[in-house]
Amino acid sequence: MQNRLWLRAVLGLGLALGTACGDDEDGGDDRTPADTGVRDAAAPLDSASPLDSATPDAARDASLPSIVEIALADSRFTTLAAAVQRAGLVTTLTGPGPLTVFAPTNDAFAKLPAGTLDALSVDQLKGVLTYHAVNGRAVSSSLKSGPVDTLAELSAFVTVSGGSVKVNDANVTTADVQASNGVVHVIDTVLLPPNLVEAAQYAGSFTTLVSAVGTAGLAEALSDETASLTVFAPTDAAFAALPPGTLAGLSTTELADVLKYHVLPTEVLSTQLTAGAVNTLLTGKQVTISLTPSPKVNDANIIIKDVRTTNGVIHAIDKVLTVP
C-alpha cells in the first residue's frame with residue numbers, strides 16, 4: 001500500500017475534484033466487442049480503443065531517431081531526458097517498442113513544486129515516467145477518447161474533442177513526433193495517476209456517478225489513498241435509464257447507501273472474480289457475481305473491466321444496482 005501513497009506525499013498536489021486526490025500504479029487491457037463479451041480498460045464506451053489504429057510494428061523507420069534520442073536532441077525535454085537517464089529507462093525507450101510516449105516539456109516539469117524530482121527515489125521516478133508511456137504506436141489521427149493502459153499499469157485517459165487531444169488534464173501541444181520505435185506527443189503538464197474518483201471524472205462516461213458521489217459525501221472515502229476498493233460503476237446511460245426523479249427522491253443517506261452497494265471493500269480484478277455473493281460497503285448487503293455466459297453483477301452487465309487506479313479498480317456496468 002505504501003507504493004500507492006508516495007506520489008501525492010512527495011508532490012503535495014491535489015487535482016480539482018472536490019476532495020479528491022491521486023497517486024501511482026495500475027491500468028487496463030485490450031477489449032472484446034460489447035456484444036460478445038467484456039471490454040477492457042483500453043476500450044472506451046462508445047468507440048474503438050484509442051490504440052486500435054496504431055501503426056503496425058513493420059511500419060517503423062530505422063532511419064528515424066529513437067524516443068530517447070528525440071528527448072536528448074530537443075531543448076524542450078532536457079528535464080525529461082535527465083529523468084529518463086536517472087530512472088534507468090534509456091534501454092526501455094530505445095528498445096524495439098513500439099511505444100507511444102506523452103512527453104512533458106521543461107515547462108510542464110517546472111509546474112511541479114521545487115525539488116519534487118530530486119525528492120523521488122529511482123523507483124518512484126520510474127513510476128512517474130512509465131505512466132507517460134503506452135504500448136503501441138498511436139498517431140493523433142488514431143487516438144479516440146477512452147482509457148489506455150500505461151507501462152506503469154495504471155489507466156490514463158485520452159480525450160479527443162474538436163481536434164484537440166488531452167491526456168488526463170494535460171493538453172497535447174505537439175502531436176506525432178515520429179521515432180524509430182514509436183511516436184511522441186508533447187504535453188504541457190506532468191501526468192499524475194488518478195484515484196477512483198479522479199478516474200471516473202477523466203473517463204467522461206460517469207458524470208452522474210461523480211455528481212452523486214459528491215452529493216452523498218463519499219468523495220473523500222473513494223479518494224482515500226490507503227484504501228483498495230472495487231467500484232462497479234454505472235455509466236451515465238445506466239443512470240439515464242432510471243425512472244425520472246429517482247435520484248432526486250433519495251435522501252443523502254439513501255443515496256450514500258445506493259452508492260456503497262456498488263463498492264466492494266477490497267480490490268478485485270476481473271480475473272479474480274468468482275461466482276457467488278460478495279460483501280459490499282453497505283453493511284449487511286451483498287451483490288451476486290455471475291461469470292457465464294458473460295460477467296454480471298446482479299442483473300447488470302460488466303461492460304468495461306479493470307480500469308485500475310491508485311486506490312482500486314473500476315468495472316463499468318450498464319445498470320444501476322438495486323439495493324435488496
Side-chain angles (χ1 to χ4, degrees), residues 1-17 20-28 41 67-68 71-72 76-95 97 99-135 147-157 167-170 182 184-199 202 222-229 267 269 306-313:
M1 189 61 64
Q2 289 181 342
N3 288 338
R4 293 181 170 183
L5 295 173
W6 63 263
L7 184 57
R8 291 295 180 184
V10 173
L11 297 182
L13 297 177
L15 295 181
L17 184 62
C21 53
D23 185 349
D24 169 342
E25 260 174 32
D26 300 286
I67 291 169
V68 166
L72 290 172
R76 293 175 296 176
F77 301 130
T78 55
T79 305
L80 176 61
V84 166
Q85 291 172 314
R86 181 181 165 223
L89 290 173
V90 171
T91 299
T92 299
L93 297 180
T94 54
L99 297 173
T100 297
V101 172
F102 298 100
T105 61
N106 296 337
D107 289 341
F109 280 104
K111 294 179 184 179
L112 298 175
T116 293
L117 294 186
D118 292 338
L120 298 179
S121 70
V122 170
D123 284 345
Q124 291 168 348
L125 181 60
K126 184 175 181 179
V128 172
L129 297 177
T130 53
Y131 185 65
H132 291 74
V134 179
N135 280 315
V148 294
D149 186 18
T150 69
L151 297 191
E153 298 183 336
L154 279 169
S155 294
F157 297 85
V167 186
N168 293 1
D169 57 344
V184 174
H185 303 298
V186 183
I187 56 175
D188 62 0
T189 302
V190 176
L191 302 179
L192 300 181
N195 61 35
L196 288 164
V197 179
E198 293 166 343
Y202 287 143
L222 294 179
S223 303
D224 182 0
E225 296 296 346
T226 67
S228 183
L229 306 173
E267 180 178 281
L269 301 176
D306 297 336
V307 177
R308 299 183 68 180
T309 76
T310 61
N311 64 336
V313 62

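Worth saying up front: this structure is predicted, and the values here are computed from it rather than measured. Reckoned from all heavy atoms, side chains included, excluding hydrogens, waters and symmetry mates.
- Between Pro104 and Leu80, some side-chain heavy-atom pair lies under the 4.5 Å cut-off.
- Counting heavy atoms from C-beta on, the side chains of Leu99 and Leu151 come closer than 4.5 Å.
- With contacts defined as side-chain heavy-atom distances shorter than 4.5 Å, the pair Val167/Phe157 does not qualify.
- The closest side-chain heavy-atom distance from Thr130 to Thr150 is not below 4.5 Å.
- Taking both residues in full, the closest heavy atoms of Pro194 and Ala199 are given as CB-N, 3.7 Å, listed atom of the first, atom of the second, then distance.
- Taking every heavy atom of both residues into account, Asp188 and Lys111 meet most closely at O-NZ, 2.8 Å.
- When side chains are defined from C-beta on, Val197 does not count as touching Thr309, because their heavy atoms never get closer than 4.5 Å.
- Across all their heavy atoms, Ala71 and Ala81 have their closest contact at O-CB, 3.9 Å.
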**OP:** Determine, step by step, whether Glu198 and Asn168 satisfy the side-chain contact (heavy atoms from CB on, under 4.5 Å) criterion, reporting the C-alpha distance in whole Å, the side-chain angles of both residues, the deciding distance to 0.1 Å, and the verdict.
**Re:** CA-CA 9 Å; Glu198 293 166 343; Asn168 293 1; over 6 Å; no

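- Here the CZ atom belonging to Phe77 is positioned 8.5 Å from the CG atom belonging to Asn106, to the nearest 0.5 angstrom.
- At least one side-chain heavy atom of Phe102 sits under 4.5 Å from a side-chain heavy atom of Val134.
- At a cut-off of 3.5 Å, with distance as the only test, no side-chain donor of Thr189 or Asp169 sits close to an acceptor on the other residue.
- Judged by distance alone, with hydrogens and angles left aside, the side-chain atoms of Tyr131 form a donor-acceptor pair with the main-chain N or O of Ser155 at under 3.5 Å.
- Taking both residues in full, the closest heavy atoms of Leu222 and Leu196 are given as O-CB, 3.5 Å, listed atom of the first, atom of the second, then distance.
- When atom types are taken as modelled, the side chain of Arg86 and the backbone of Leu117 share a donor-acceptor pair closer than 3.5 angstrom.
- Inter-residue side-chain proximity for Val190 and His132 is flagged as met; some heavy-atom pair is nearer than 4.5 Å.
- Checking side-chain atoms of Asn311 against main-chain N and O of Asp224 turns up a donor-acceptor pair under 3.5 Å.
- Across Thr116, Leu120, Leu89, a single residue satisfies side chain to side chain contact (heavy atoms under 4.5 Å, CB included) together with Leu125, and that is Leu120.
- Side chains of Thr310 and Glu225: a donor-acceptor N/O pair is present below 3.5 angstrom, by distance only.
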